[in-house]
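Since the structure is predicted, the reported quantities are computational estimates derived from the model, not experimental observations. One-based numbering along the sequence shown.
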Amino acid sequence: MSNYQYESGYNDIKQVEMAIKAAQRMVGQATMSMDEEQLQAATDALEQAKQQYHHAAAHQTGVDEAFFEMSSELLDRIDHQLLEAKK
């Protein structure tokens, strides 16, 4: 694997991590306040995190499978939390 591919894969993973953390924070705040605008912003952040995840997963080369499994589970939990808040 070239250095570029390694760095690109590493950057993709970092972007996924940051997007998931941002979505977690936003969903947590939105579900506590139950503010409609915050719920919408949290929904948008979650969708962005999912897109980052799918992009990274589609372009992974020799990347740790455990990272993608953990990330997928986190996204599912955040999604569930947000759906419950919107009921």
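The CG atom of Leu46 lies 10.5 Å from the CD atom of Gln48; values are rounded to the nearest 0.5 Å. With rounding to the nearest 0.5 Å, the separation of CD in Gln38 from CD in Glu36 is 10.5 Å. In this structure, Asp79 CG and Glu84 CD are separated by 10.5 Å, a value rounded to the nearest 0.5 Å. A distance of 10.0 Å separates CG in Leu75 from CE in Met70, rounded to the nearest 0.5 Å. Once rounded to the nearest 0.5 Å, the distance linking OG of Ser72 with NE2 of His54 reads 7.5 Å.
Every side-chain hydrogen bond (donor to acceptor under 3.5 Å, both in side chains) that Gln40 has, sequence neighbours left out, goes to Asp44. Scanning for ring pair (Phe, Tyr, Trp, His ring centres under 6.0 Å) contacts around His55 gives His59, with sequence neighbours left out.
Among all heavy-atom pairs drawn from Ile20 and Ala49, the shortest one is N-CB, 4.0 Å. Val16 and Phe67 get closest at one heavy-atom pair: CG1-CZ, 3.8 Å.
With hydrogens and angles ignored, the 3.5 Å screen pairs a side-chain donor or acceptor of Thr43 with a backbone N or O of Leu39.
When the side chains of ILVMFWY residues are joined at heavy-atom separations under 4.5 Å, either directly or via intervening members, Ile78 and Ile13 end up in a single hydrophobic cluster.
Counting non-hydrogen atoms of neighbouring residues, nucleotides and ligands closer than 6.0 angstrom, the CE atom of Met32 reaches no more than 12 such neighbours. Other residues, nucleotides and ligands place more than 12 heavy atoms under 6.0 Å from the CD atom of Gln81. Heavy-atom contacts from other residues, nucleotides or ligands closer than 6.0 Å to NZ of Lys86 number more than 12. Under a cut-off of 6.0 angstrom, the local environment of CD in Glu37 is sparse, with at most 12 non-hydrogen atoms contributed by other residues, nucleotides or ligands.
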